[in-house]
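Each remark here refers to the structure printed beneath this line.
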Protein chains: 2
Amino acid sequence: MREGPEIARIAALVADPARSAMLLALMDGRALTATELASVGGITRQTASSHLARLVEREVLVVEAQGRHRYFRLAGSHVGALLEALMVFSSDAVPPLRTGPRDLSLRKARICYDHLAGEMGVMLYDRMLEEGWLGRDLDLTDKGWARLADLGLQHGDLPASNRPLCRACLDWSQRRHHLAGRLGKAVLDRVLALSWARHLPASRVIVFHPEGERRFGEWLR
Amino acid sequence: MREGPEIARIAALVADPARSAMLLALMDGRALTATELASVGGITRQTASSHLARLVEREVLVVEAQGRHRYFRLAGSHVGALLEALMVFSSDAVPPLRTGPRDLSLRKARICYDHLAGEMGVMLYDRMLEEGWLGRDLDLTDKGWARLADLGLQHGDLPASNRPLCRACLDWSQRRHHLAGRLGKAVLDRVLALSWARHLPASRVIVFHPEGERRFGEWLR
DNA sequence: CTCATGGTTCGACGCTAATCGAACCATCCC
DNA sequence: GGGATGGTTCGATTAGCGTCGAACCATGAG
């Protein structure tokens with residue numbers, strides 16, 4: 001391309017129908033896989049792969065590899081701001097996309113390895129960050145320790161190991177982060193021990209009892 | 001082009017180096033001619049003409065014909081907002097462009113047909129709008145009439161005619177509007193009659209005397 | 001009127017970039 | 001181990017669009 005203002009190259013990234021459709025689908029902050037994005041863009045996987053590589057290279061998207069999947073999401077709020085500035089002209093809508101399991105109980109709460117996933121897991125993670133229980137690099141603050149004590153969790157319940165204390169894990173259904181690591185396991189264990197929820201046999205479903213869900217939400221308030 | 005989100009088509013308008021250079025040059029709100037925009041875009045006039053037609057058609061720019069010139073400017077603040085959202089990624093600078101006469105006195109104040117142009121003329125027009133002397137459709141308000149009386153201008157000094165009372169005229173050097181119409185002529189006549197300024201013989205230059213410039217500014221305060 | 005200048009239209013050319021088929025690599029599941 | 005799925009790389013094709021030369025129209029100056 002002939003040289004010119006930088007903004008032309010950025011605009012060109014959005015100017016392709018397939019790429020812009022992918023970006024719109026990511027506007028709600030979720031993370032989607034390459035195959036899903038190929039679908040919303042109406043193109044094949046190999047074409048999408050090339051588009052996504054360019055978007056990551058220009059730091060419009062960030063990518064997170066997890067197993068054989070690669071999750072893409074917007075690189076920051078400035079990308080959302082750009083898309084919104086464009087939507088002023090066009091009034092495009094963000095297309096709905098169902099992700100993950102159809103089963104409502106699975107979407108609500110389930111086990112991911114050994115920690116809590118689904119809506120409840122994402123809520124746990126979000127609230128801990130919002131309320132300052134976790135610092136920016138996922139370190140547990142004094143306030144965080146205090147609130148864990150309210151739940152009955154002490155330092156002793158979280159023995160040191162190679163595994164990190166707190167880790168962010170991409171949620172299959174929500175496509176946002178939930179809490180993993182030793183603390184993720186400890187919180188789930190505690191929720192089960194308190195009988196706020198139970199683990200449905202022979203499945204990954206976690207069923208919250210109404211009273212347990214209320215208390216869980218209150219603890220996070 | 002294959003169908004897809006609207007935002008792709010808007011982004012495509014900015015994605016071209018020549019077009020984005022033109023848009024950047026217009027970011028300060030001035031209006032530039034097609035030939036000038038061709039120059040900042042580094043392209044020929046005929047190419048620029050095609051670009052500008054598309055930008056006007058998509059309502060990114062608006063055009064104002066004046067004599068054999070066509071002045072283009074951004075269609076609104078939402079266009080500026082879009083460009084700024086793009087510049088977050090790139091930190092392009094708005095390129096400087098000298099417009100109009102080199103002669104400083106000509107840039108400062110001059111006659112345009114029969115009314116005041118240049119910095120002083122643009123200031124007059126801007127202040128009248130800011131202070132509510134003029135309404136949105138350039139009608140003279142009660143407040144406006146009162147302040148004109150301070151200058152010694154009565155209704156009788158502005159005889160009715162086919163020519164509109166107030167009109168916006170694009171300023172050659174400033175590339176912004178200044179005050180024209182019967183009122184524009186009347187104000188200039190009055191400024192000259194008060195000896196706040198004089199008309200340099202055999203030229204279009206208006207020279208404000210220091211004291212006159214002070215009083216003029218005070219009147220507009 | 002004649003000339004100069006600003007601007008547009010038309011047509012042809014050339015280049016860039018999006019696209020997909022095919023082959024390949026990596027991971028998960030059994 | 002083998003099969004299935006997610007994802008990438010490579011190469012060839014194709015289509016869209018930016019570009020300018022040439023001709024033309026409109027306005028302003030003398």
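Keep in mind that the numbers below use all heavy atoms, side chains included, and drop hydrogens, waters and symmetry copies. Every chain is numbered from 1 and lettered A, B, ... according to where its sequence line falls, protein lines coming before strand lines. Here the structure is a predicted model, which is why all the values come from computation and not from measurement.
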With sequence neighbours excluded, residues passing salt bridge (Lys or Arg N to Asp or Glu O under 4.0 Å) with Arg190(B):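 So Arg190(B) forms no salt bridge (Lys or Arg N to Asp or Glu O under 4.0 Å) with any residue.
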Can you sort out the partners of Asp157(B) under salt bridge (Lys or Arg N to Asp or Glu O under 4.0 Å), two or more places apart, ordered by chain and number?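 By the salt bridge (Lys or Arg N to Asp or Glu O under 4.0 Å) rule, Asp157(B) matches no residue at all.
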Just how far, in rounded Å, is [atom2] of [N] from [atom1] of [X]?
X        : N       : atom1 : atom2 : value
Leu13(B) : dG18(D) : CG    : C1'   : 14 Å
Leu32(B) : dG7(C)  : CG    : C1'   : 16 Å
Asp16(A) : dC20(C) : CG    : P     : 11 Å
Phe72(A) : dT8(D)  : CZ    : C1'   : 10 Å
Glu36(A) : dT5(D)  : CD    : P     : 16 Å
Tyr71(A) : dT27(C) : OH    : C1'   : 13 Å
Leu37(B) : dT8(C)  : CG    : C1'   : 15 Å
His69(B) : dG28(D) : NE2   : P     : 9 Å

End-to-end bend of the helix from dC1(C)-dG30(D) to dC30(C)-dG1(D) (five-pair axes, 10° rounding)?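 The angle, to the nearest 10 degrees, is 30°.
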Do the side-chain N or O atoms of Thr35(A) get closer than 4.0 angstrom to the phosphate oxygens (OP1, OP2) of dG7(D)?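 Yes, such a contact exists.
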For Glu57(B), enumerate each residue passing the side-chain hydrogen bond (donor to acceptor under 3.5 Å, both in side chains) test, keeping only those at least two apart in sequence or located in another chain.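 Partners of Glu57(B) under the side-chain hydrogen bond (donor to acceptor under 3.5 Å, both in side chains) test: none.
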Can you identify which nucleotide, out of dG7(D), dC20(D), dA18(C), has its nearest atom closest to the Ile43(B) side chain?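 Of the options given, the side chain of Ile43(B) lies nearest dC20(D).
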Closest to the Arg70(B) side chain, choosing from dG7(C), dT19(D), dA18(C):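 Ranking dG7(C), dT19(D), dA18(C) by closest atom to the Arg70(B) side chain puts dG7(C) first.
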Excluding sequence neighbours, so at least two apart, what forms ring pair (Phe, Tyr, Trp, His ring centres under 6.0 Å) with His209(B)?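 With neighbours one apart ignored, the set is empty.
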Could you work out, with side-chain contact (heavy atoms from CB on, under 4.5 Å) as the rule, every residue matching Arg70(B), not counting sequence neighbours?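 Val63(B), Phe72(B).
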Only counting residues at least two apart or in another chain, list the ones meeting side-chain contact (heavy atoms from CB on, under 4.5 Å) with Glu59(B).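 Applying side-chain contact (heavy atoms from CB on, under 4.5 Å) to Glu59(B) gives none.
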Nearest heavy atoms of Ala11(B) and Leu86(A), plus distance in Å: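 In this case the closest contact between Ala11(B) and Leu86(A) is N-CD2, 4.0 Å.
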Flag side-chain contact, heavy atom, 4.5 Å: Glu6(B) against Phe89(A):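 No, too far: nothing below the 4.5 Å cut-off.
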Starting from the 5' end of DNA chain C, give me the residue, Arg68(A) or Thr44(A), whose nearest nucleotide shows up first.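 Counting from the 5' end, the first nearest nucleotide belongs to Thr44(A).
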What side-chain donor-acceptor pairs closer than 3.5 Å can you find for residues 44-51 of chain A, not counting sequence neighbours?
from: Thr44(A); atom 1: OG1; to: Thr47(A); atom 2: OG1; distance (Å): 3.1
from: His51(A); atom 1: ND1; to: Arg19(A); atom 2: NH1; distance (Å): 3.1

Could you check which residues of residues 45-60 of chain B get a heavy atom under 4.0 Å from DNA chain D? Sort them by number, please.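 The stretch gives Gln46(B), Thr47(B), His51(B), Arg54(B) as the residues lying under 4.0 Å from the strand, ordered by number.
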